[in-house]
Amino acid sequence: MRQTETLTVNMGPQHPSTHGVLRLIVELDGEVVQAVKPVVGYLHTGMEKELEDQRYIQGITVTDRMDYLSPLSNNLAYVLSIEQLCGLAPPPKGQWLRVLLVELQRISSHLIWLGTHAMDLGATTVFLYCLREREAILDLFEMASGVRLMTTFIRPGGLRQDLPREFYEGYSRDGKRIQGVREFIADFPRRVDDYEALLTTNPIFLRRTQGVGVITADDAVDWCLTGPILRASGVNYDVRRTTPYSSYEQFDFEVPLGTNGDVYDRYLVRVAELRQSARIVTQALAKLATLPDEAPVNADHRDYVPPPKEELSWSMESLIRHFKIWTEGLLPPVGEAYVPVESAKGEIGFYVVSDGTARPLRAHVRPPSFVNLQALEHLAKGHMIADLVACLGSIDIVLGEIDR
Amino acid sequence: MDDLAPALTATLERLRGAFGEQLQPAAALPGNLTLEVPLDLLLPVVRFLRDSEDLAYRHLSDLTAVDRLPRQPRFDMVYHLLSLATAARLRLRVAVAEAVAVPSLTGLWKGANYLEREVFDMFGIPFSGHPNLERILTPDGFEGHPLRRDFSLGSEPVTFDIPHRKRFSDAAN
(Lines give C-alpha, C1' and ligand atoms only; values in the text may rest on other atoms or scores of the structure.)
Protein backbone atom coordinates (compact mmCIF):
# COMPACT_ATOMS: atom_id res chain seq x y z
CA MET A 1 0.00 0.00 0.00
CA ARG A 2 1.34 3.46 -0.90
CA GLN A 3 1.71 6.18 1.69
CA THR A 4 0.17 9.45 0.47
CA GLU A 5 0.63 11.62 3.56
CA THR A 6 2.68 14.77 3.28
CA LEU A 7 5.55 15.37 5.66
CA THR A 8 6.11 18.67 7.45
CA VAL A 9 9.78 19.50 7.93
CA ASN A 10 11.31 22.36 9.84
CA MET A 11 14.27 24.03 8.12
CA GLY A 12 16.24 26.53 10.16
CA PRO A 13 16.34 28.92 11.98
CA GLN A 14 19.98 27.81 12.29
CA HIS A 15 20.73 26.52 8.83
CA PRO A 16 23.56 27.78 6.63
CA SER A 17 21.48 27.94 3.46
CA THR A 18 18.87 30.22 5.02
CA HIS A 19 21.38 33.10 5.04
CA GLY A 20 20.67 34.14 8.58
CA VAL A 21 18.05 33.30 11.15
CA LEU A 22 15.17 32.32 8.91
CA ARG A 23 12.89 29.39 9.64
CA LEU A 24 11.02 27.63 6.86
CA ILE A 25 8.19 25.22 7.54
CA VAL A 26 8.20 23.01 4.49
CA GLU A 27 5.47 20.59 3.54
CA LEU A 28 6.89 17.74 1.49
CA ASP A 29 5.41 15.04 -0.68
CA GLY A 30 8.38 12.72 -0.93
CA GLU A 31 11.09 15.16 -1.95
CA VAL A 32 8.73 17.57 -3.70
CA VAL A 33 7.86 20.83 -1.99
CA GLN A 34 4.10 21.31 -1.62
CA ALA A 35 4.12 24.45 0.51
CA VAL A 36 6.64 26.70 2.24
CA LYS A 37 5.87 29.00 5.13
CA PRO A 38 8.66 31.38 6.12
CA VAL A 39 8.75 32.30 9.81
CA VAL A 40 10.61 35.55 10.40
CA GLY A 41 11.21 37.92 13.29
CA TYR A 42 14.06 36.20 15.14
CA LEU A 43 16.24 39.29 14.79
CA HIS A 44 13.49 41.84 15.42
CA THR A 45 14.86 44.68 17.53
CA GLY A 46 12.28 47.39 16.86
CA MET A 47 14.43 49.54 14.59
CA GLU A 48 11.50 51.66 13.41
CA LYS A 49 10.64 52.43 17.03
CA GLU A 50 14.30 53.22 17.58
CA LEU A 51 14.26 55.66 14.66
CA GLU A 52 11.38 57.54 16.28
CA ASP A 53 13.50 57.90 19.39
CA GLN A 54 16.66 59.13 17.65
CA ARG A 55 17.42 62.49 16.13
CA TYR A 56 17.60 62.45 12.35
CA ILE A 57 21.37 62.20 12.09
CA GLN A 58 21.57 59.61 14.87
CA GLY A 59 18.97 57.56 13.01
CA ILE A 60 21.35 57.05 10.10
CA THR A 61 23.36 54.67 12.29
CA VAL A 62 20.24 52.55 12.77
CA THR A 63 19.71 52.28 9.01
CA ASP A 64 23.24 50.88 8.65
CA ARG A 65 22.21 47.89 10.66
CA MET A 66 19.16 46.94 8.61
CA ASP A 67 20.59 45.60 5.38
CA TYR A 68 24.11 45.19 6.72
CA LEU A 69 25.41 44.15 3.31
CA SER A 70 24.58 47.53 1.78
CA PRO A 71 24.55 50.13 4.58
CA LEU A 72 25.38 52.99 2.21
CA SER A 73 22.23 52.38 0.16
CA ASN A 74 20.18 52.46 3.36
CA ASN A 75 21.91 55.67 4.45
CA LEU A 76 21.15 57.21 1.10
CA ALA A 77 17.46 56.23 1.16
CA TYR A 78 16.95 57.67 4.65
CA VAL A 79 18.92 60.82 3.88
CA LEU A 80 17.07 61.46 0.61
CA SER A 81 13.76 61.43 2.45
CA ILE A 82 15.12 63.82 5.08
CA GLU A 83 16.50 66.04 2.31
CA GLN A 84 13.14 66.18 0.60
CA LEU A 85 11.58 67.27 3.90
CA CYS A 86 14.21 69.99 4.35
CA GLY A 87 14.39 71.01 0.68
CA LEU A 88 18.09 70.24 0.56
CA ALA A 89 20.24 69.05 -2.34
CA PRO A 90 23.99 68.41 -2.30
CA PRO A 91 26.27 70.09 -4.86
CA PRO A 92 27.43 68.02 -7.90
CA LYS A 93 30.50 66.65 -6.15
CA GLY A 94 28.39 65.33 -3.27
CA GLN A 95 25.93 63.75 -5.71
CA TRP A 96 28.64 62.04 -7.75
CA LEU A 97 30.46 60.79 -4.69
CA ARG A 98 27.20 59.28 -3.46
CA VAL A 99 26.71 57.50 -6.79
CA LEU A 100 30.31 56.28 -6.68
CA LEU A 101 29.97 54.87 -3.15
CA VAL A 102 26.53 53.38 -3.63
CA GLU A 103 27.59 51.57 -6.80
CA LEU A 104 30.64 50.15 -5.03
CA GLN A 105 28.21 49.04 -2.35
CA ARG A 106 26.04 47.34 -4.94
CA ILE A 107 29.08 45.48 -6.26
CA SER A 108 30.04 44.31 -2.77
CA SER A 109 26.50 43.18 -1.97
CA HIS A 110 26.15 41.31 -5.28
CA LEU A 111 29.54 39.67 -4.64
CA ILE A 112 28.35 38.28 -1.32
CA TRP A 113 25.20 37.09 -3.04
CA LEU A 114 27.13 35.48 -5.90
CA GLY A 115 29.56 33.73 -3.59
CA THR A 116 26.97 32.36 -1.16
CA HIS A 117 24.52 31.43 -3.92
CA ALA A 118 27.18 29.48 -5.80
CA MET A 119 28.18 27.80 -2.55
CA ASP A 120 24.56 26.82 -1.84
CA LEU A 121 24.63 25.05 -5.18
CA GLY A 122 27.93 23.30 -4.48
CA ALA A 123 30.48 25.58 -6.19
CA THR A 124 32.72 26.65 -3.33
CA THR A 125 35.53 28.27 -5.32
CA VAL A 126 33.50 31.28 -6.41
CA PHE A 127 32.94 32.28 -2.79
CA LEU A 128 36.65 32.77 -2.18
CA TYR A 129 37.09 34.93 -5.28
CA CYS A 130 34.05 37.05 -4.44
CA LEU A 131 35.16 37.64 -0.86
CA ARG A 132 38.59 38.70 -2.09
CA GLU A 133 37.10 41.50 -4.21
CA ARG A 134 34.60 42.45 -1.52
CA GLU A 135 37.49 42.84 0.88
CA ALA A 136 39.07 45.37 -1.49
CA ILE A 137 35.79 47.38 -1.47
CA LEU A 138 35.60 47.25 2.32
CA ASP A 139 39.16 48.62 2.42
CA LEU A 140 37.95 51.50 0.26
CA PHE A 141 35.06 52.20 2.64
CA GLU A 142 37.50 52.15 5.51
CA MET A 143 39.63 54.78 3.78
CA ALA A 144 36.55 56.92 3.20
CA SER A 145 34.78 56.66 6.54
CA GLY A 146 37.12 54.85 8.92
CA VAL A 147 34.67 51.95 9.15
CA ARG A 148 34.38 48.87 6.98
CA LEU A 149 30.71 48.05 7.36
CA MET A 150 28.59 50.49 9.37
CA THR A 151 29.71 53.59 7.54
CA THR A 152 27.02 56.20 8.41
CA PHE A 153 28.80 58.19 5.73
CA ILE A 154 25.96 59.76 3.75
CA ARG A 155 24.50 62.69 5.69
CA PRO A 156 21.74 65.23 5.04
CA GLY A 157 23.16 67.75 2.58
CA GLY A 158 26.00 65.59 1.33
CA LEU A 159 28.55 63.33 2.97
CA ARG A 160 30.35 63.17 6.29
CA GLN A 161 33.49 64.49 4.59
CA ASP A 162 35.34 64.50 1.28
CA LEU A 163 37.21 61.34 0.29
CA PRO A 164 40.97 61.22 0.95
CA ARG A 165 43.51 60.99 -1.85
CA GLU A 166 44.35 57.39 -0.88
CA PHE A 167 40.81 56.39 -1.78
CA TYR A 168 41.62 57.09 -5.41
CA GLU A 169 45.32 56.24 -5.51
CA GLY A 170 45.74 53.48 -2.92
CA TYR A 171 48.58 53.23 -0.39
CA SER A 172 50.91 50.74 1.28
CA ARG A 173 50.36 49.40 4.80
CA ASP A 174 52.95 47.14 6.46
CA GLY A 175 54.50 46.41 3.10
CA LYS A 176 51.10 45.40 1.69
CA ARG A 177 49.52 47.27 -1.18
CA ILE A 178 45.95 48.51 -0.56
CA GLN A 179 44.21 49.19 -3.86
CA GLY A 180 42.69 52.56 -4.63
CA VAL A 181 39.36 52.73 -6.42
CA ARG A 182 40.92 53.46 -9.84
CA GLU A 183 43.09 50.38 -9.66
CA PHE A 184 40.24 48.25 -8.36
CA ILE A 185 37.69 49.27 -10.95
CA ALA A 186 40.13 48.97 -13.87
CA ASP A 187 40.77 45.39 -12.89
CA PHE A 188 37.21 44.47 -11.94
CA PRO A 189 35.69 43.49 -15.33
CA ARG A 190 38.41 40.85 -15.67
CA ARG A 191 37.42 39.49 -12.25
CA VAL A 192 33.79 39.22 -13.36
CA ASP A 193 35.03 37.24 -16.37
CA ASP A 194 36.67 34.86 -13.89
CA TYR A 195 33.40 34.29 -11.99
CA GLU A 196 31.54 33.80 -15.23
CA ALA A 197 34.11 31.27 -16.44
CA LEU A 198 33.32 29.20 -13.35
CA LEU A 199 29.53 29.39 -13.56
CA THR A 200 27.84 30.73 -16.70
CA THR A 201 28.36 27.62 -18.83
CA ASN A 202 29.04 25.18 -16.01
CA PRO A 203 26.75 22.18 -16.75
CA ILE A 204 26.07 21.44 -13.07
CA PHE A 205 25.20 25.07 -12.39
CA LEU A 206 22.92 25.17 -15.44
CA ARG A 207 21.11 22.00 -14.38
CA ARG A 208 20.55 23.42 -10.93
CA THR A 209 19.29 26.82 -12.06
CA GLN A 210 17.63 26.77 -15.50
CA GLY A 211 13.88 26.36 -15.34
CA VAL A 212 13.96 26.42 -11.53
CA GLY A 213 11.88 28.88 -9.54
CA VAL A 214 10.20 30.50 -12.53
CA ILE A 215 8.06 33.57 -11.96
CA THR A 216 6.32 35.40 -14.82
CA ALA A 217 6.33 39.17 -15.23
CA ASP A 218 2.67 39.49 -14.17
CA ASP A 219 3.17 37.33 -11.10
CA ALA A 220 6.30 39.27 -10.17
CA VAL A 221 4.33 42.53 -10.21
CA ASP A 222 1.51 40.84 -8.29
CA TRP A 223 3.96 39.82 -5.57
CA CYS A 224 5.31 43.42 -5.42
CA LEU A 225 8.81 42.20 -6.26
CA THR A 226 11.54 44.72 -6.93
CA GLY A 227 15.20 44.58 -7.84
CA PRO A 228 17.05 41.96 -9.89
CA ILE A 229 14.38 39.31 -9.23
CA LEU A 230 11.74 41.53 -10.88
CA ARG A 231 13.98 42.46 -13.81
CA ALA A 232 14.92 38.81 -14.39
CA SER A 233 11.25 38.31 -15.27
CA GLY A 234 11.51 41.05 -17.88
CA VAL A 235 9.84 43.96 -16.04
CA ASN A 236 11.82 47.10 -16.71
CA TYR A 237 11.65 48.81 -13.32
CA ASP A 238 14.85 50.14 -11.85
CA VAL A 239 14.45 53.10 -9.48
CA ARG A 240 17.69 54.60 -10.80
CA ARG A 241 16.14 54.82 -14.27
CA THR A 242 12.41 55.20 -13.51
CA THR A 243 12.62 57.98 -10.93
CA PRO A 244 16.28 59.06 -10.91
CA TYR A 245 17.84 60.41 -7.72
CA SER A 246 21.32 61.67 -6.84
CA SER A 247 22.17 62.64 -10.44
CA TYR A 248 21.68 59.13 -11.87
CA GLU A 249 20.06 60.78 -14.90
CA GLN A 250 23.56 62.00 -15.88
CA PHE A 251 24.99 58.49 -16.06
CA ASP A 252 25.01 56.16 -19.01
CA PHE A 253 24.15 52.59 -18.02
CA GLU A 254 21.93 49.73 -19.10
CA VAL A 255 19.26 48.05 -17.01
CA PRO A 256 19.84 44.32 -17.60
CA LEU A 257 16.63 42.35 -18.12
CA GLY A 258 15.96 38.61 -18.13
CA THR A 259 13.43 36.70 -20.19
CA ASN A 260 12.64 33.44 -18.41
CA GLY A 261 12.40 34.62 -14.82
CA ASP A 262 14.21 31.55 -13.45
CA VAL A 263 17.13 31.28 -11.04
CA TYR A 264 19.60 31.33 -13.91
CA ASP A 265 18.22 34.59 -15.31
CA ARG A 266 18.49 36.19 -11.89
CA TYR A 267 22.12 35.13 -11.87
CA LEU A 268 22.67 36.64 -15.33
CA VAL A 269 20.95 39.90 -14.36
CA ARG A 270 23.07 40.32 -11.24
CA VAL A 271 26.31 39.53 -13.04
CA ALA A 272 25.38 42.04 -15.75
CA GLU A 273 24.65 44.57 -12.98
CA LEU A 274 28.16 44.02 -11.64
CA ARG A 275 29.52 45.16 -15.00
CA GLN A 276 27.09 48.09 -15.23
CA SER A 277 27.98 49.25 -11.72
CA ALA A 278 31.65 49.17 -12.68
CA ARG A 279 30.77 51.34 -15.69
CA ILE A 280 28.94 53.84 -13.48
CA VAL A 281 31.87 53.98 -11.05
CA THR A 282 34.25 54.69 -13.94
CA GLN A 283 31.99 57.49 -15.19
CA ALA A 284 31.67 58.94 -11.70
CA LEU A 285 35.46 59.02 -11.38
CA ALA A 286 35.71 60.81 -14.73
CA LYS A 287 33.13 63.38 -13.66
CA LEU A 288 34.85 63.93 -10.32
CA ALA A 289 38.17 64.50 -12.11
CA THR A 290 36.67 67.56 -13.82
CA LEU A 291 36.10 69.28 -10.46
CA PRO A 292 38.78 71.10 -8.45
CA ASP A 293 39.89 69.34 -5.25
CA GLU A 294 38.37 72.01 -3.04
CA ALA A 295 34.88 71.77 -4.60
CA PRO A 296 32.33 71.43 -1.76
CA VAL A 297 30.72 68.03 -1.04
CA ASN A 298 28.03 69.46 1.24
CA ALA A 299 25.16 71.81 0.56
CA ASP A 300 25.69 75.27 1.99
CA HIS A 301 22.59 75.34 4.16
CA ARG A 302 23.52 76.18 7.73
CA ASP A 303 20.12 75.24 9.17
CA TYR A 304 20.68 71.59 8.34
CA VAL A 305 24.33 71.09 7.41
CA PRO A 306 27.10 71.64 9.96
CA PRO A 307 29.62 74.28 8.83
CA PRO A 308 33.14 73.16 7.80
CA LYS A 309 35.25 72.43 10.84
CA GLU A 310 37.98 74.99 10.03
CA GLU A 311 35.44 77.85 10.17
CA LEU A 312 34.81 77.19 13.84
CA SER A 313 38.13 78.75 14.83
CA TRP A 314 37.31 82.17 13.43
CA SER A 315 33.52 82.45 12.96
CA MET A 316 31.26 82.86 15.98
CA GLU A 317 28.20 82.36 13.76
CA SER A 318 29.55 79.02 12.49
CA LEU A 319 30.33 77.90 16.00
CA ILE A 320 26.73 78.62 17.05
CA ARG A 321 25.36 76.73 14.03
CA HIS A 322 27.68 73.81 14.71
CA PHE A 323 26.61 73.72 18.34
CA LYS A 324 22.91 73.94 17.54
CA ILE A 325 22.99 71.17 14.92
CA TRP A 326 24.88 68.73 17.14
CA THR A 327 22.90 69.43 20.32
CA GLU A 328 19.41 70.26 19.10
CA GLY A 329 19.49 68.30 15.85
CA LEU A 330 17.87 69.08 12.51
CA LEU A 331 14.39 70.54 12.64
CA PRO A 332 12.76 69.73 9.28
CA PRO A 333 9.43 71.44 8.52
CA VAL A 334 6.21 69.50 9.04
CA GLY A 335 5.63 67.09 6.18
CA GLU A 336 6.09 63.59 4.89
CA ALA A 337 8.45 62.16 2.30
CA TYR A 338 9.15 58.83 0.62
CA VAL A 339 12.14 58.81 -1.72
CA PRO A 340 13.13 55.26 -2.66
CA VAL A 341 16.47 54.18 -4.04
CA GLU A 342 17.57 51.05 -5.87
CA SER A 343 19.65 49.00 -3.47
CA ALA A 344 21.23 45.69 -4.42
CA LYS A 345 18.12 43.88 -3.11
CA GLY A 346 15.48 46.09 -4.71
CA GLU A 347 13.53 49.23 -3.94
CA ILE A 348 14.35 50.50 -0.46
CA GLY A 349 12.70 53.68 0.74
CA PHE A 350 12.01 55.41 4.01
CA TYR A 351 8.63 56.97 4.63
CA VAL A 352 9.53 59.74 7.06
CA VAL A 353 6.89 61.88 8.76
CA SER A 354 8.12 65.05 10.43
CA ASP A 355 6.13 66.98 13.02
CA GLY A 356 8.70 69.77 13.09
CA THR A 357 10.68 68.38 16.02
CA ALA A 358 14.18 66.93 16.03
CA ARG A 359 12.91 63.35 15.89
CA PRO A 360 10.71 61.80 13.21
CA LEU A 361 7.08 61.18 14.15
CA ARG A 362 7.30 58.02 12.09
CA ALA A 363 10.07 56.49 10.03
CA HIS A 364 9.04 53.41 8.14
CA VAL A 365 11.36 51.44 5.91
CA ARG A 366 10.10 49.61 2.86
CA PRO A 367 12.39 46.60 3.09
CA PRO A 368 12.97 44.91 -0.28
CA SER A 369 14.06 41.55 1.22
CA PHE A 370 10.94 41.38 3.38
CA VAL A 371 8.58 41.94 0.47
CA ASN A 372 10.55 39.72 -1.94
CA LEU A 373 10.70 36.81 0.52
CA GLN A 374 6.93 36.30 0.21
CA ALA A 375 7.35 35.00 -3.31
CA LEU A 376 9.38 32.01 -2.07
CA GLU A 377 6.27 29.86 -1.82
CA HIS A 378 5.39 30.67 -5.43
CA LEU A 379 8.95 29.98 -6.61
CA ALA A 380 9.55 26.71 -4.79
CA LYS A 381 6.19 25.00 -5.17
CA GLY A 382 6.48 21.74 -7.11
CA HIS A 383 10.28 21.70 -7.04
CA MET A 384 12.59 19.32 -5.18
CA ILE A 385 13.69 20.33 -1.69
CA ALA A 386 17.25 20.91 -2.97
CA ASP A 387 15.84 23.49 -5.38
CA LEU A 388 14.22 25.30 -2.47
CA VAL A 389 17.72 26.36 -1.48
CA ALA A 390 18.38 27.60 -5.02
CA CYS A 391 15.12 29.58 -5.02
CA LEU A 392 15.77 31.12 -1.62
CA GLY A 393 19.31 32.05 -2.60
CA SER A 394 18.13 33.64 -5.84
CA ILE A 395 15.86 36.07 -3.95
CA ASP A 396 18.91 37.51 -2.15
CA ILE A 397 17.59 38.19 1.33
CA VAL A 398 19.22 39.78 4.35
CA LEU A 399 17.56 38.86 7.62
CA GLY A 400 18.71 42.03 9.34
CA GLU A 401 16.47 43.95 6.98
CA ILE A 402 13.55 41.51 7.07
CA ASP A 403 13.31 41.47 10.86
CA ARG A 404 14.60 44.97 11.67
CA MET B 1 -0.89 72.17 -7.11
CA ASP B 2 1.01 73.97 -9.89
CA ASP B 3 4.27 72.14 -9.36
CA LEU B 4 2.89 68.65 -10.09
CA ALA B 5 4.22 66.49 -12.90
CA PRO B 6 1.73 66.21 -15.82
CA ALA B 7 1.15 62.51 -15.03
CA LEU B 8 0.03 63.35 -11.49
CA THR B 9 -2.26 66.16 -12.68
CA ALA B 10 -3.82 63.70 -15.15
CA THR B 11 -4.26 61.15 -12.35
CA LEU B 12 -6.01 63.71 -10.19
CA GLU B 13 -8.37 64.66 -13.02
CA ARG B 14 -9.21 61.03 -13.82
CA LEU B 15 -9.90 60.27 -10.18
CA ARG B 16 -12.12 63.34 -9.80
CA GLY B 17 -13.97 62.28 -12.93
CA ALA B 18 -14.63 58.81 -11.52
CA PHE B 19 -15.17 59.57 -7.83
CA GLY B 20 -16.19 63.24 -7.76
CA GLU B 21 -15.08 65.62 -5.04
CA GLN B 22 -14.79 62.95 -2.34
CA LEU B 23 -11.05 62.70 -2.97
CA GLN B 24 -9.13 65.68 -1.70
CA PRO B 25 -5.45 66.35 -2.31
CA ALA B 26 -3.78 67.01 1.04
CA ALA B 27 -0.99 69.44 1.73
CA ALA B 28 2.23 67.91 0.45
CA LEU B 29 5.82 68.80 -0.33
CA PRO B 30 6.54 70.17 -3.83
CA GLY B 31 6.18 67.49 -6.48
CA ASN B 32 4.29 65.12 -4.18
CA LEU B 33 0.62 64.26 -4.52
CA THR B 34 -1.13 62.95 -1.42
CA LEU B 35 -4.79 62.05 -1.62
CA GLU B 36 -7.10 61.73 1.37
CA VAL B 37 -9.30 58.73 0.64
CA PRO B 38 -12.38 57.79 2.73
CA LEU B 39 -12.09 54.27 4.14
CA ASP B 40 -15.02 52.88 2.14
CA LEU B 41 -13.55 54.17 -1.13
CA LEU B 42 -10.09 52.66 -0.60
CA LEU B 43 -10.58 49.44 -2.58
CA PRO B 44 -12.48 51.03 -5.51
CA VAL B 45 -9.94 53.84 -5.82
CA VAL B 46 -6.93 51.52 -5.70
CA ARG B 47 -8.52 49.12 -8.17
CA PHE B 48 -9.32 52.01 -10.50
CA LEU B 49 -5.74 53.27 -10.30
CA ARG B 50 -4.27 49.83 -10.92
CA ASP B 51 -6.54 48.72 -13.72
CA SER B 52 -6.85 51.90 -15.82
CA GLU B 53 -4.74 51.36 -18.91
CA ASP B 54 -3.43 54.93 -19.04
CA LEU B 55 -2.74 55.38 -15.31
CA ALA B 56 -1.31 51.87 -14.71
CA TYR B 57 -0.44 52.24 -11.03
CA ARG B 58 0.51 48.58 -11.04
CA HIS B 59 3.31 48.60 -8.48
CA LEU B 60 2.44 48.79 -4.80
CA SER B 61 5.59 50.38 -3.43
CA ASP B 62 4.77 50.50 0.20
CA LEU B 63 2.00 50.24 2.72
CA THR B 64 2.22 51.32 6.33
CA ALA B 65 0.46 53.13 9.15
CA VAL B 66 1.11 56.19 11.29
CA ASP B 67 -0.19 56.58 14.83
CA ARG B 68 -1.32 60.19 15.25
CA LEU B 69 -2.40 59.97 18.88
CA PRO B 70 -4.04 62.09 20.40
CA ARG B 71 -5.77 62.91 17.09
CA GLN B 72 -9.08 61.12 16.44
CA PRO B 73 -9.39 59.04 14.30
CA ARG B 74 -6.11 57.85 15.58
CA PHE B 75 -4.39 56.10 12.68
CA ASP B 76 -3.45 56.94 9.11
CA MET B 77 -2.98 54.11 6.64
CA VAL B 78 -0.52 55.25 3.99
CA TYR B 79 -0.15 53.63 0.56
CA HIS B 80 2.54 54.44 -2.00
CA LEU B 81 1.76 53.49 -5.57
CA LEU B 82 3.98 53.72 -8.63
CA SER B 83 2.75 53.91 -12.18
CA LEU B 84 4.75 51.56 -14.38
CA ALA B 85 3.60 53.56 -17.42
CA THR B 86 4.34 57.16 -16.37
CA ALA B 87 6.73 56.62 -13.41
CA ALA B 88 4.48 58.83 -11.27
CA ARG B 89 4.43 58.19 -7.52
CA LEU B 90 1.17 58.68 -5.67
CA ARG B 91 0.46 58.60 -1.96
CA LEU B 92 -2.94 57.65 -0.57
CA ARG B 93 -3.84 58.38 3.02
CA VAL B 94 -6.77 56.84 4.83
CA ALA B 95 -7.78 57.95 8.31
CA VAL B 96 -8.75 54.95 10.46
CA ALA B 97 -10.18 54.87 13.97
CA GLU B 98 -8.96 52.33 16.50
CA ALA B 99 -10.26 48.74 16.06
CA VAL B 100 -11.84 49.58 12.69
CA ALA B 101 -10.99 47.01 10.02
CA VAL B 102 -9.28 48.22 6.85
CA PRO B 103 -10.05 46.34 3.61
CA SER B 104 -7.04 44.23 2.69
CA LEU B 105 -5.20 44.82 -0.57
CA THR B 106 -4.11 41.18 -0.77
CA GLY B 107 -6.85 40.60 -3.36
CA LEU B 108 -5.15 43.14 -5.63
CA TRP B 109 -1.50 42.42 -4.81
CA LYS B 110 -0.37 39.18 -3.19
CA GLY B 111 2.68 41.12 -2.03
CA ALA B 112 0.55 43.23 0.34
CA ASN B 113 0.35 40.18 2.62
CA TYR B 114 3.47 40.65 4.77
CA LEU B 115 3.18 44.42 4.82
CA GLU B 116 -0.36 44.24 6.20
CA ARG B 117 0.66 41.61 8.72
CA GLU B 118 3.41 43.94 9.85
CA VAL B 119 0.93 46.80 10.32
CA PHE B 120 -1.38 44.45 12.23
CA ASP B 121 1.51 43.36 14.42
CA MET B 122 2.94 46.81 15.06
CA PHE B 123 -0.27 48.89 15.30
CA GLY B 124 -3.06 46.38 15.93
CA ILE B 125 -5.03 47.56 12.90
CA PRO B 126 -7.14 44.63 11.65
CA PHE B 127 -7.56 43.94 7.93
CA SER B 128 -10.73 42.45 6.50
CA GLY B 129 -10.29 39.84 3.79
CA HIS B 130 -6.67 39.06 4.65
CA PRO B 131 -5.89 35.32 4.18
CA ASN B 132 -3.52 34.93 7.12
CA LEU B 133 -3.67 37.82 9.56
CA GLU B 134 -1.12 36.83 12.21
CA ARG B 135 1.68 38.61 13.99
CA ILE B 136 4.86 38.48 11.94
CA LEU B 137 7.83 40.15 13.63
CA THR B 138 7.14 39.92 17.35
CA PRO B 139 7.42 36.55 19.14
CA ASP B 140 4.46 34.25 19.83
CA GLY B 141 2.42 35.40 22.80
CA PHE B 142 3.68 38.98 22.63
CA GLU B 143 1.24 41.52 24.03
CA GLY B 144 0.75 45.04 22.78
CA HIS B 145 1.63 46.78 19.54
CA PRO B 146 5.12 48.26 19.64
CA LEU B 147 4.78 51.11 17.15
CA ARG B 148 1.76 52.66 18.86
CA ARG B 149 2.71 55.94 20.44
CA ASP B 150 1.43 54.85 23.85
CA PHE B 151 3.76 51.80 23.82
CA SER B 152 6.81 53.26 25.47
CA LEU B 153 10.34 52.02 24.97
CA GLY B 154 11.64 49.83 27.76
CA SER B 155 8.27 48.76 29.08
CA GLU B 156 8.54 45.24 27.70
CA PRO B 157 8.24 42.69 30.53
CA VAL B 158 11.25 40.38 30.81
CA THR B 159 10.74 36.63 30.78
CA PHE B 160 13.43 35.80 33.35
CA ASP B 161 13.41 36.36 37.08
CA ILE B 162 15.76 35.80 40.00
CA PRO B 163 13.85 33.50 42.39
CA HIS B 164 16.45 33.17 45.18
CA ARG B 165 16.81 36.89 45.81
CA LYS B 166 14.02 39.00 47.17
CA ARG B 167 13.10 41.72 44.77
CA PHE B 168 13.09 45.29 45.96
CA SER B 169 9.31 45.60 45.60
CA ASP B 170 8.74 42.47 47.75
CA ALA B 171 11.05 43.74 50.47
CA ALA B 172 9.14 47.00 50.61
CA ASN B 173 5.96 45.08 51.45
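Quick caveat, the model's predicted, so the values are computed rather than measured.
Distance alone, capped at 3.5 Å, is enough to place a donor-acceptor pair between the A:K49 side chain and the B:F151 backbone.
Neither the backbone nor the side chain of A:P244 has a heavy atom closer than 4.5 Å to any heavy atom of chain B. For A:T242, the parts lying under 4.5 angstrom from a heavy atom of chain B are both the backbone and the side chain. Using a 4.5 Å cut-off between heavy atoms, A:E52 touches chain B through its side chain atoms alone. The contact between A:V239 and chain B is made entirely by side chain atoms (from C-beta outward), counting heavy-atom distances below 4.5 Å. Contact of A:V40 with chain B is made through backbone and side chain together, with heavy-atom distances under 4.5 Å. For chain A, the nearby part of B:R148 is the backbone; its heavy atoms alone come within less than 4.5 Å. With a 4.5 Å cut-off on non-hydrogen atoms, A:V221 touches chain B through its backbone and its side chain both. For A:D53, the part sitting under 4.5 Å from any heavy atom of chain B is the side chain, from C-beta outward, and nothing else. Proximity to chain B is limited to the side chain of A:P340, based on heavy atoms less than 4.5 angstrom apart.
No side-chain heavy atom of B:Y114 sits under 4.5 Å from any side-chain heavy atom of A:V371. At least one side-chain heavy atom of A:L361 sits less than 4.5 Å from a side-chain heavy atom of B:R149.
When the candidates B:R50, B:R135, B:R89 are compared by the number of heavy-atom contacts under 4.5 Å with chain A, B:R89 comes out ahead.
Atom CD of B:E143 has 12 or fewer neighbouring heavy atoms from other residues, nucleotides or ligands inside a 6.0 Å radius. In this structure, B:D140 places its CG atom where only 12 or fewer heavy-atom neighbours from other residues, nucleotides or ligands lie under 6.0 Å away.
With respect to the salt-bridge test (charged N to carboxylate O, under 4.0 angstrom), the residues A:R404 and B:E118 qualify.
Residues satisfying the salt bridge (Lys or Arg N to Asp or Glu O under 4.0 Å) criterion with A:D303, sequence neighbours excluded, are A:R321. B:H130 meets the ring-ring contact (aromatic ring centres under 6.0 Å, His included) test with no other residue; sequence neighbours excluded.
Atom CE of B:M122 sits about 3.5 Å away from atom NE2 of A:H44, to the nearest 0.5 Å. Here A:Y338 contributes atom OH and B:L82 contributes atom CG; the two are 9.0 Å apart, rounded to the nearest 0.5 Å. Atom CD in A:E336 sits 4.5 Å away from atom OG1 in B:T34 (nearest 0.5 Å). Interatomic distance, B:L137 CG to A:I402 CD1, rounded to the nearest 0.5 Å: 9.5 Å. Atom OH in B:Y79 sits 12.0 Å away from atom OH in A:Y351 (nearest 0.5 Å). With values rounded to the nearest 0.5 angstrom, B:L115 atom CG is found 6.0 Å from A:Q374 atom CD.
Nearest approach of A:C224 to B:A112, heavy atoms of both residues: SG-N, 4.3 Å.
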Could you walk me through whether A:H364 and B:L147 pass side-chain contact (heavy atoms from CB on, under 4.5 Å), step by step? CA-CA 10 Å; A:H364 166 76; B:L147 282 180; over 6 Å; no

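By a heavy-atom distance cut of under 4.5 Å, not one residue of residues 95-105 of chain B is near chain A. Near-neighbour residues of residues 55-68 of chain B relative to chain A, defined by a heavy atom under 4.5 Å from a heavy atom of that chain, comprise B:R58, B:H59, B:L60, B:S61, B:D62, B:L63, B:T64, B:A65, B:V66, B:R68.
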